Structures are given as structure tokens and as C-alpha cells.
Amino acid sequence: MEFDFRAIEQKWRKQWEDNGIYRVTEDTTKPKYYVLDMFPYPSGAGLHVGHPLGYVASDIYARYKRLKGFNVLHPMGFDAFGLPAEQYAIETGTPPQVTTDKAIATYKEQLGKIGFSYDWSREVKTCDPSYYKWTQWIFLQLFGSWYNREKDKAENIDTLIARFAHSGTDGFAQFDKEDHAPFTAAEWKGFSEEEQQHILMHYRLAYQSYSEVNWCEALGTVLANDEVKDGKSERGGYPVERRKMRQWFLRITEYSDRLLRGLDTLDWSEAMKDMQRNWIGRSEGAIIQFNLTQTLSKGEGLNTNTTNAGKPGFYHTDPLSWNANIDKAKQHRLDPTEAEEIVWQRLRGSATGHKIRRQHLIGSYIPDFVCIIKRLVIEIDGPIHDDQVEADQERTDELKQHGFEVIRFKNEAVFADIDAVVNAIKIKLDSLPDVSYDGTISEEVSEDALAPSPLERAGGEVAVFTTRPDTIFGATFMVIAPEHELVASLTTPAQQKEVDDYITYVKSRSDIERQQEKRVTGAFTGSYALNPFNGARIPIYLAEYVLAGYGTGAIMAVPADDERDRKFAEKFGLPVVEVIDKSMYPGATIEDKVGKMINSDFLNGMEVKDAIKAMLEKVEELGIGKRQVNYRQRDAGYSRQRYWGEPFPIVYKGDLPYPLPVSELPVVLPDVTSYKPSGDGRSPLANATEWVTTPQGQRETDTMPGYAGSSWYFLRYMDPKNPDAFAAKEKIDYWQNVDLYLGGSEHAVGHLLYSRMWHKFLHDLGYVPTEEPFQKLVNQGMIQGVSKYVYRLIPQNGKPIYISYSLVKRIQLPPLGMGILDFQSVNFLLPLLQPVLSQEHYLGFIGEIWIDKVKTDISFTDNDTLNIDQFKQWRTEYNDGIFILDDDRFTCEPIVEKMSKSKYNVVNPDVVIEKYGADCFRMFEMFLGPLDQSKPWDDQGIGGVEKFLRKFWRLFYDDKGGYRVSDEAATDAEYKVLHKTLKKLSEDIERLAFNTCVSQFMICTNELIDLKCTKRAILEPLVIALAPFAPFISEELWASLGHSDSVHKAVFPKVEEKYLVESSFTYPISINGKVRANLPFALDLSEADVKAAVLANEIVLKWTEGKEPKKFIFVKGRIVNVVI
RNA sequence: GCGGGCGUGGCGAAAUUGGCAGACGCACUAGACUUAGGAUCUAGCGCCGCAAGGCAUGGGGGUUCAAGUCCCUCCGCCCGCACCA
């Protein structure tokens, strides 16, 4: 009988299906094992050979586990909602359902040919209402839950409502005044339904909030991030703007810490875990409040701060004096003398035509009244305030130093004739010139130029987030995000224009531009903050390198130790103060957190790590900040303004969203006449007015994102048809979670993070027993394509000349493009060209010439050899080309790149299977190399696997088709071959090294052929071992051995170690580490005996020349090394 | 820039714990059988060398009796993240 894989595959595929041999039930007598492939999205293009790589691997593993006695769940289904089908619907009007069903049919057809052991009775599709009913149900659970941080788990929102009704926000640590105002239990009960719902929305795990989307006016739709290129829509290149819209979110950030900690319990690659860790981006630090400088009125004090000398300012004192006197000044204002009060009422504001302030700090003094611009101090002499002991003359001298003139009036004068006093003051003021902040006399100085920002006037503060509180003494400026909510109130009138211009500039730029920008940009707000530790007055800037969404959106900049801060300081001429001495740690960077603190007051001399701790304690002690853990991860957007997704089970009553009762699930996606967007930012569903309008209210028209259905599908496989629950509890308890999950690394931070969150959420609610959904994760590598390129030279006056790559390799071609061939190349090529070219043409070849290479479809090539006729027919432009062959063959250059249609290098598994069979295809996919490595698909090697299968078949049937398996007893040598193979296979399958398994099958087969072994005792176990890899041929040969049951129900043969024990070993004998001889010794021989024999050996003697070796290394069963 | 991975013949690769580098397969070369060969079988196949032997796992250095494997350093490629304070 000949090996006819087509007949065999067809026969068994049908039998397996008829008998349902891959059907699996919850069999409690066996241990369970769950092997899962990542949910495929069925694209219209079908599978290429890269897709099934992981499927083959997981199928082999699943089959192996079955043979080892496990009850294996190994299902398959489809992530069927998605953009491509919707896009196709917009373009052609074909309903996405139709497109998707067709694509799924193609996928199943292709998968079916490969011989997978999926239990298709468990297939699920996310777009099936009986499936998405439960996606909607889980959403309702999320909506109806909040995260209780005290218990560190999600629970029903009712417990939160009860808490509010009992004690309001009192003692509720989770309450954040940014979200809503505090309230008492009584207030809560008094709130309207709407007020209550708004408050609860800040706690629900599925909630609504406003966020920016990519709005494209021209297309009338919201675009996904990858539909936007360079700030324009990918389709049509229309402008895209950021627009705020109310959207659904999942509060995944509540799970950040658990998602992070959970990674430690998982058997995933470090790369994968790191990607998730990075994405979550936990950082520990502190939020620290910085006061703003100005808490009195504007123009106060003298600018004596040297670091800011010459800059616009209105702080006319120094930090120490400020701190010492500010409270006194405030007190004086509240408690003026009678005379002062009379004068103030006549001078206040600009009653005299000049701006007058009272009790205003200048240097270390607090004059009664001052006009800053005129540099005039007006004193009313009465009984001196008790706490103000200085003599008048001293004060006058000090003020003169600051450029101020002093005029004095007695209390009596004020009481006697206030008009005269005011008039005298007015005349004096009018006579004085305006003086600008830096002391120069100027006509143009206006009060506005010196005016503080609203927040400074209000005495506000700005919070920064820092992971390095130890460096605060080096903080010489502050930077806030351009989107920071305090920008307007931090901007002084004088800086208004600069700030506005900067914000306009920032808004004009896309996120990507902002990320790629390396230039330092920023703008000064005009405001200053006070460093709480050294009192330094530090300017506040805006810069786009600070992100609004991270931390507080504000940083204290430490230019000495932060690269970006340093660049910014350089650009804006800001001071740099070193705070860490890293001299004893050469090459250390700030991230290393090493060094000794300097210029840092009480931290001086401490190691960085201690300083961080000390500072955190100090900050909390002073009550100016607190420890804070920050996450980079944001809450997950859960709204899509699309048609082809799960509808939300939500209706609006007025403006408030309400969940539909579970009894109304599923909310079925309605048929629509047009898939075009509504145009107003809502999804195409908005046009289905009949569907949208319900007795309970208007339906939500957004749909759920692609990850909704794929975040829990692995649970549905456990109980795919259950109409009463997403899966029955006893089935979940049996299957637990996925033991082995195989898929591409592209899902590292999307699917795999969302699924983990959903799983933890369902765990919190008691629906699943496990914390993590995927215990072991393996990423298969990509299969790349091998594109084939044809070299072409185009002379200026002639036809293009195509040159076989085998010839190109022998010459030095200039870079592609216009170029001139060097002398040797021309010499090499001319004899080849001569016979085919005219004289004129031939000469044109010597001058400047166009050199390029063009892709050919790989179907026109056999290995690297091109079928020139097919190539010419493909594109008319190749028709008149002249082809220079080498040895009657024209070869192409093979280049490894991504397998894709556009590169004409796609290999379709159907074609391979048609030619070689599914068994061969499966084994070759595995033979290519390690599962997790990317590797090019190269048909050339497949012949080796094909040959192996035929040789294996030959062990059973001779070349005339006669059956040759005998019942003769096997020899020890034959058993040794078998058990050596079984051992290697068991080990390698466990570590998913399927490539070496295939090698071992080849080695084993070759050895059995050498031994002329055709014995049942050897072949029968081998057939079982081969079954996971090549299920068809194994089943056929198993039947030929007389079995009526399936090989896939057999038991994996046990390794018999007794056939593997060796009595002797041929030692490699090395001299100084180089192998010079091989000598067999019995394994029970002692080292001394071996040593004597080795040293007496002729070859060894030649090297040692009879001398006693310096050292004799003997590793039993491994090696002998003689050191001389 | 940061994080992870990788670098071994003409090609895909193997070497699981430091112990004979290149198993297995492709391609290639020679031969056998054959009406024929894109079948099958035999032999060869890292590089230099007639040979003895020498040199070889991206480069350089180190540890060791012994290094593809461990350490340091540099280079290159791939993947992910990217102003995350």
C-alpha cells in the first residue's frame, strides 16, 4: 500500500467528526488541563502559514496531555466584532454579519484541514447574541459595583450607598474632594436622585466621564488612534481634532496594584511581565504642596532676591523677612490706628491718582503706606506698635537703601485737617518720577506689569508629584502641564500673551508630534512658588514635557539631576543647584538612587535612599504633603462610536444612564439600513430611531470595544451553551482557568491586561475561584515571509536588462539608483551581454545606468529560480526585458520580511497541505525552529519532513505495498532506540521544544531502518508517540496494527529506563582541553584505573611524552582531561 | 533614551546542569540504481592546510582543568515602551 496522504486525511477527518472523538465533558475521574489559543479575529484574507504555528503547537500539547491521561479542554472560536467588517460595510453596504460569517467559514475550512483536535461543539462567536448577552451582563455587574479599597476588592454598589446613608463621607478614605464635595448622612438622604447618581458615578467600576476623542468633521465620525496619521484621517487625509465627549470607562486603575502583584504568580516570560509592569507604571513618591509667593496685595516688597534680580517681580523683600513679618503685616491691617484708618480711607486704591498700599513689606520693614511706582513711603507717627521697636531714623535709612523716600505726618495733623495731609501727599506723589522694578526711571511702568496672578493674590498653592523628594533643595523652578487646570489662575497679566501663544502652539500639535519633539519649549506664567524648605522663590513655567494626566500635572524641576529639567534650565537661563554628590559612584545616573546629599540642609551627608525616607517623613510631619503611589495606567475607554460591537444595556432617563434589568438581555444589535456614521459624533445606531426609543428611555448608542467580548471568552468555553449563566458554577469549578495559553505578543498590554482585570473582578464577586485567568503563557514567534527580488539594470538608451542574482553576487554593484558600474563589473558582464545586445545598446551599458530590484510574486519562483514567462506575463512593463541567465537559470535575491499580501510573499497553508499533506505541514511548522522565535518560512526544507513521513511509512509497508510488521521479539538495541526516543520526546514536549522532537523522530526512524527493524513491539509505541504531531498517518498505521479504537484515545508509552542504562562509555580524552582520543571504559571503573589506562595509551603518550600530568580531571560518564 | 530578546556553517537549526561545537534537515558535490527522475540509496560537506595540525559560536578581555553556555566591555539586529517627574 502506498502512502496516500490525501485519502488517509479525508478518511480520518470524516471518522473523527462522525464519532465526535474530540468532544470533551467534565470528567471528574481525570485531572483537567486547559489548553487555549488566543482568540482569532477572522479577517477576510484567510490564514497564511504564520497563523497556525501556535495552533499546531497547542494542538500537539493538547493531544500529548490527553495521551498522558488528562481531560483536556481545547476549544476554538472567534473574536467576531471589529472594525474591518464595519469598514467594509460602510464602503459596500454588505452587513458586517454577512462579511464576518463568510470570514469565519473560510477560517474553519482552513483550520479543519490541518487536523486540529478542537471540540467544535464549544465554538463561541462574540457577535452571537447568546454570547454577548453575557458580555452585557458582566458590564452590568461592573456598573453595579465599586472598588472597596479597605477590603481591596470589588463589591456591590449597594454597600457604598449604605455607607453614605449611614455616615456620609465621614472617615471615608476613598473620598477625594476633587470628585465631589463632602457630605453627611443626612445630606446624602436629602440629595435628589440625580445628585446621588452623579456621586455614585465616581465610584462605579464601569462609569461615564468626559474624555477626548479623535473627531473628524469631514467623515462625521470618531476615529481610533490607528486611523489617525500625522493629525489627519488615514482615509481621505481630512483634519482630525480633539473633542471632548461623554464616554464609558472601566476603572481598571483600581486593579493596578493587584494586576502588578499578580504577575509574580504567573508562568509568563519576563519580557511579557515587564511589558505589563511598564504599562501599569507604578511609581512611589510624594505629593508636596508649594505655596505661591504673594499673599498680600500686588507690588509688595522690594525685589532683593539675587537669583531673580533684573526680572519682573513684585516681591520686595527676602524670604526670611517675609516669613518673619508677613503675619505682623496682616495683623496691622486688621488692627490699624485711628489715624492710619482715616488716612487709608482717603488714599486707598487709586484715590489720589496713584496706587497706594498699606502695611506692605519692604526689606525687613512694614511701612504704613507705600506707593511702589513712585518709591514713596508715607508714615503716620503715633505711638509706635509695641512689637515695632526700631527708631524712625533707622527705618528711613533702610528704606532709602531700597530707593524709597519717606514722608511723615503726625497723628495730630491727620485729626486736625485730613484734606491738607492728603493734598500734601498728592503733590509729593505727582512730583516724583515712575520707577520700574529694576530701579530705572521709566514712563511706561504700569501697575499691570507688576500685577500678580489671580492665584498668587488668592494665596493659593500648587501640588507637585515627585518620586525624588530628597532633591527638593535643588528645585529651582516648577513646571506645569499646558493643560493644567491652574494655568489661567497662575498667569499674570504681563505674561498673558506669552502663555496664550504657547498654549495655541501646543494645541496645534498632535500627541505624536509632542512625543517626538526633542526641542525644549515652554512659557513663563509670571507666578512664583516658594520652596517650602529653603524659602527660595521659584518661577513657574508651562512646558509640554510635563503631562497633565500624570501625577498632579506639575513637577518641581531639579535641573541638577534630571536631564529634561536641565535642558529646560539651560534654555531659560534658570539656576542649577547640585544636591547629590555622585563622585564615589562613577557612571551612576539619577535612577540608580545613589550618592550623598549636599546643599540640602538637614539631609546633608545622607545617602540618597535614606534622604528620600527622611524627606518623606519630614513632609508628612510638616503637613505639606503625603506619600503617594502613582500609576501610569489610565482607566480604560469602553465606548466606541461604532455599529459593529456589543450594544450597552443602558437607557437614559433625561441625562442619567440606567441599567436595563437582566431579564431584558441581550440587547440585540438592530439591523440598520446604513452603516455610515450619524455625523454628530454618535454611532450609526443613533439613526435607528425605533430601536433607540424605548418606554424606559433612550438607548445608549455607543457600542462596546473589541476587547469586551475577548476579556472573558475562555470562561464561556467551559459551558458555551448555558442560557442561565455565563457558565455554570460547577463547570467553572472543574476547569478553573487556562493552564497553557498560546498566542502572539501583540496582545501583551491589551487583551491580556483587560482579561486579567475582568477575571479578578469576577473573582471578587465570587463567580470564579481563581485570581488569574492564564497560568502559563507562551508567545509564538512570527513566521516571516521570504520575498524574492529581481535585479534590473536600465541603460539610458535601451531595454531593461534583468540579471540573475547568482551573477549579481559575483560583482560589486553600486547602491541602487543612478550609478556607474565599476571596471571589473563591466568586464564581467559584457561577455554575457554581447550575444543578446546590439552594439549601440551594448555601449550604453558602460555609462550611467539605473539600477534597481523589483519584487516578484513568490508563486513564480521555485526556490530562488524565477519562472521568467510567468514573471513577464504578470506586469506588461517586464515584457520587453532582456534576461541574463546563469547556467540556464535565473535566480532572485531572497529577502526575509513580514509576510503580507503587499509583499507578494504570502504562503497559504491550503496550498502546502494540498501538496504535502496536513501531517507534513504540521511537522514542518514545528521543525522550523523554536516556537517562540521568529523565523522565515522556507519551502525548501519541507522535503526533509516529507521524506521522513515516507520513511516512517516504509517501516510498515515495503515498496511493493506489502505489510511487513512482524510480531518477533525486539532486541535490546531496538528497545534502546525506542526508549531513547520516548524519553527525549517526553522531555521536549513538556518544554514545548517541538523542533527537536521532529529531529528525534527522524533520528529514530533512521536508526530503525539501519537496524532493519519492523517489529510491532517497537512500532506500536512509536505510532502513539507520533500521534500528537502527525495525527492522520498515526491513526492509519494504528488501524493497520489491528486496533479498532483511535490512537488518540491510547496511552502514551512509558519510558523504560532499563533499556537506557549503559555499562560502558566512550570517553573523549582531552589533553589540555583538546580532544585527542576516544577510549571506552566501563562505567563502574574507578578513577585510578581509568587514569592508569589513559596515561598508558599510545596517543596520550605521544602528547605527554611519558611525563606525569599536572592534573587529571575525570568526570564519570562525561570526559577525561589530562593537563600537562 | 529605557526595558526585553537575539547574534553558532551557504540556509533553518542542535548542544536542557560549564564537559567531544555544528545533532537533525535543506542546499550543494560525487557516485549507484534507473527508460526517466523534483524517486530511492551510498559517500562527502565549518574555515585554512597535501598532511600533521591549526583556527572557529558578533569583536575584545576575564574566571576555569574545561566556556556557545558564567562575568566585564564594545558592536550589530529584532521586539516593546517612549518626555511618567
Side-chain angles (χ1 to χ4, degrees), chain A residues 269-275 277-279 281-283 285 464-468 471 479 514-518 520 543-547 549-558 561-565 567 589-591 630-633 745-746 748-749 779 781-782 784 786 862-864 894 896 924 927-930 932-945 947-948 950-951 954 959 984 987-988 990-991 993 995-1004 1006 1009 1066-1078 1109-1115 1117-1124:
Chain A
S269 71
E270 272 312 304
M272 211 61 172
K273 291 187 190 178
D274 275 344
M275 272 188 234
R277 286 191 190 112
N278 259 323
W279 184 260
R282 183 181 201 271
S283 55
V464 302
F465 175 70
T466 177
T467 55
R468 295 300 303 274
T471 61
V479 190
R514 279 180 67 172
Q515 282 163 14
Q516 284 170 349
E517 183 62 78
K518 292 281 170 262
V520 180
E544 51 179 338
Y545 80 85
V546 175
L547 306 174
Y550 189 75
T552 60
I555 61 163
M556 57 176 216
V558 184
D561 274 309
D562 184 282
E563 184 61 19
R564 294 153 309 159
D565 294 348
K567 280 189 181 149
T589 64
I590 185 66
E591 276 80 28
N630 248 310
Y631 297 95
R632 195 184 78 115
Q633 182 180 38
S745 57
E746 68 272 19
V749 290
N779 297 116
M782 280 212 300
Q784 296 149 307
V786 182
D862 179 16
N863 292 347
D864 291 343
V896 173
F924 182 59
F927 187 60
L928 278 173
D932 55 357
Q933 247 169 58
S934 289
K935 55 244 161 183
W937 176 270
D938 182 2
D939 292 347
Q940 292 189 33
I942 200 167
V945 174
K947 208 191 285 181
F948 154 74
R950 261 203 304 269
K951 282 183 181 174
R954 280 272 166 274
D959 51 5
K984 173 99 177 132
E987 287 167 2
D988 287 1
E990 287 296 352
R991 62 186 180 101
N995 53 331
T996 49
C997 290
V998 179
S999 294
Q1000 187 57 41
F1001 277 119
M1002 292 173 171
I1003 293 167
C1004 172
N1006 290 343
I1009 290 170
T1066 302
Y1067 285 88
I1069 311 297
S1070 19
I1071 314 288
N1072 285 342
K1074 295 235 182 271
V1075 180
R1076 300 295 177 186
N1078 284 287
K1110 276 196 199 129
K1111 213 168 185 178
F1112 186 84
I1113 310 285
F1114 173 74
V1115 183
R1118 286 227 186 251
I1119 201 166
V1120 170
N1121 191 11
V1122 183
V1123 185
I1124 53 173

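Keep in mind that this is a model prediction, so the values were computed, not measured. Just so we're on the same page: letters track the sequence lines, and every chain starts at 1.
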Which whole number of Å gives the distance between the [atom1] atom of [N] and that of [M]?
{"N": "U8(B)", "M": "G58(B)", "atom1": "C1'", "result": "10 Å"}
{"N": "G60(B)", "M": "C79(B)", "atom1": "C1'", "result": "28 Å"}
{"N": "U17(B)", "M": "A52(B)", "atom1": "P", "result": "35 Å"}
{"N": "A39(B)", "M": "G25(B)", "atom1": "P", "result": "15 Å"}
{"N": "G22(B)", "M": "G46(B)", "atom1": "C1'", "result": "8 Å"}
{"N": "A13(B)", "M": "C26(B)", "atom1": "P", "result": "16 Å"}
{"N": "G68(B)", "M": "G7(B)", "atom1": "C1'", "result": "11 Å"}
{"N": "A32(B)", "M": "G37(B)", "atom1": "C1'", "result": "14 Å"}

Looking for any heavy atom pair under 4.0 Å, which part of the strands does [X] touch: base, sugar-phosphate only, or nothing?
{"X": "Gln933(A)", "result": "sugar-phosphate"}
{"X": "Asn1072(A)", "result": "nothing"}
{"X": "Lys1110(A)", "result": "nothing"}
{"X": "Lys951(A)", "result": "sugar-phosphate"}
{"X": "Asn1121(A)", "result": "base"}
{"X": "Arg282(A)", "result": "nothing"}
{"X": "Pro930(A)", "result": "sugar-phosphate"}
{"X": "Asn995(A)", "result": "sugar-phosphate"}
{"X": "Ile1113(A)", "result": "base"}
{"X": "Glu270(A)", "result": "nothing"}
{"X": "Val1075(A)", "result": "sugar-phosphate"}

Residue closer to the 5' end of RNA chain B, Pro936(A) versus Arg632(A) (nearest nucleotide):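 Here Pro936(A) is the residue nearer the 5' end.
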Specify the residue among Val1115(A) and Asp274(A) whose closest nucleotide of RNA chain B lies further upstream toward the 5′ end.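 Closer to the 5' end of RNA chain B: Asp274(A).
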It should be established whether [X] places a side-chain nitrogen or oxygen under 4.0 Å from OP1 or OP2 of nucleotide [N].
{"X": "Arg950(A)", "N": "U40(B)", "answer": "yes"}
{"X": "Ser283(A)", "N": "A85(B)", "answer": "yes"}
{"X": "Lys273(A)", "N": "G4(B)", "answer": "no"}
{"X": "Arg1076(A)", "N": "G53(B)", "answer": "no"}

Look at the side chain of [X] and decide which nucleotide, out of [options], has an atom nearest to it.
{"X": "Tyr550(A)", "options": "C11(B), G25(B), C84(B)", "value": "C84(B)"}
{"X": "Arg564(A)", "options": "C20(B), G3(B), C84(B)", "value": "C84(B)"}
{"X": "Ile1003(A)", "options": "A23(B), C20(B), G25(B)", "value": "A23(B)"}
{"X": "Leu928(A)", "options": "A27(B), C83(B), G12(B)", "value": "G12(B)"}
{"X": "Pro1068(A)", "options": "C20(B), A85(B), U16(B)", "value": "C20(B)"}
{"X": "Thr996(A)", "options": "A14(B), U17(B), U40(B)", "value": "A14(B)"}
{"X": "Glu987(A)", "options": "A13(B), G25(B), U16(B)", "value": "U16(B)"}

Does a side-chain heavy-atom distance below 4.5 Å link [X] with [Y]?
{"X": "Ile1071(A)", "Y": "Val1122(A)", "result": "yes"}
{"X": "Met275(A)", "Y": "Asn278(A)", "result": "no"}
{"X": "Ile555(A)", "Y": "Tyr550(A)", "result": "no"}

Before you tell me yes or no, could you show the steps for Arg468(A) and Met556(A) under side chain to side chain contact (heavy atoms under 4.5 Å, CB included), namely the whole-Å CA-CA distance, both residues' side-chain angles and the distance that decides it to 0.1 Å? CA-CA 10 Å; Arg468(A) 295 300 303 274; Met556(A) 57 176 216; 5.7 Å; no
Rounded to the nearest angstrom, tell me the gap between atom [atom1] in [X] and atom [atom2] in [N].
{"X": "Tyr631(A)", "N": "A85(B)", "atom1": "OH", "atom2": "C1'", "result": "17 Å"}
{"X": "Gln940(A)", "N": "G10(B)", "atom1": "CD", "atom2": "C1'", "result": "11 Å"}
{"X": "Glu544(A)", "N": "A82(B)", "atom1": "CD", "atom2": "C1'", "result": "15 Å"}
{"X": "Lys935(A)", "N": "G5(B)", "atom1": "NZ", "atom2": "P", "result": "18 Å"}
{"X": "Glu746(A)", "N": "G80(B)", "atom1": "CD", "atom2": "P", "result": "10 Å"}
{"X": "Asp932(A)", "N": "U16(B)", "atom1": "CG", "atom2": "C1'", "result": "14 Å"}
{"X": "Lys947(A)", "N": "C24(B)", "atom1": "NZ", "atom2": "C1'", "result": "12 Å"}
{"X": "Phe465(A)", "N": "C83(B)", "atom1": "CZ", "atom2": "C1'", "result": "16 Å"}

How would you label the glycosidic angle of G10(B): syn (within 90° of 0) or anti?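 Anti, which is what one calls it when the glycosidic angle falls more than 90° from 0.
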What is the base-pairing partner of [N], counting Watson-Crick and G-U wobble geometry with both distances under 3.5 Å?
{"N": "U16(B)", "value": "none"}
{"N": "C33(B)", "value": "none"}
{"N": "U57(B)", "value": "none"}
{"N": "C2(B)", "value": "G80(B)"}
{"N": "C70(B)", "value": "G62(B)"}
{"N": "C28(B)", "value": "G44(B)"}

Can you find an N or O donor on one side and an acceptor on the other, under 3.5 Å apart, linking the side chain of Ser999(A) with the base of A23(B)?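 It does, because a donor-acceptor pair links the side chain of Ser999(A) to the base of A23(B) below 3.5 Å.
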Is it the case that the side chain of [X] and the backbone of [Y] share a donor-acceptor pair, with hydrogens and angles ignored and the cut-off at 3.5 Å?
{"X": "Ser269(A)", "Y": "Met272(A)", "value": "yes"}
{"X": "Ser1070(A)", "Y": "Arg1076(A)", "value": "no"}
{"X": "Tyr631(A)", "Y": "Ser283(A)", "value": "no"}
{"X": "Lys951(A)", "Y": "Met1002(A)", "value": "no"}

Indicate the ring-plane relationship of Phe927(A) and Phe924(A), choosing parallel, tilted or perpendicular according to the 30° and 60° boundaries.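 Phe927(A) vs Phe924(A) ring planes: tilted.
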Should the pair Phe1001(A) and Phe948(A) be assigned to parallel (<30°), tilted (30 to 60°) or perpendicular (>60°) ring geometry?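 The arrangement is tilted - the two ring planes meet at 30° to 60°.
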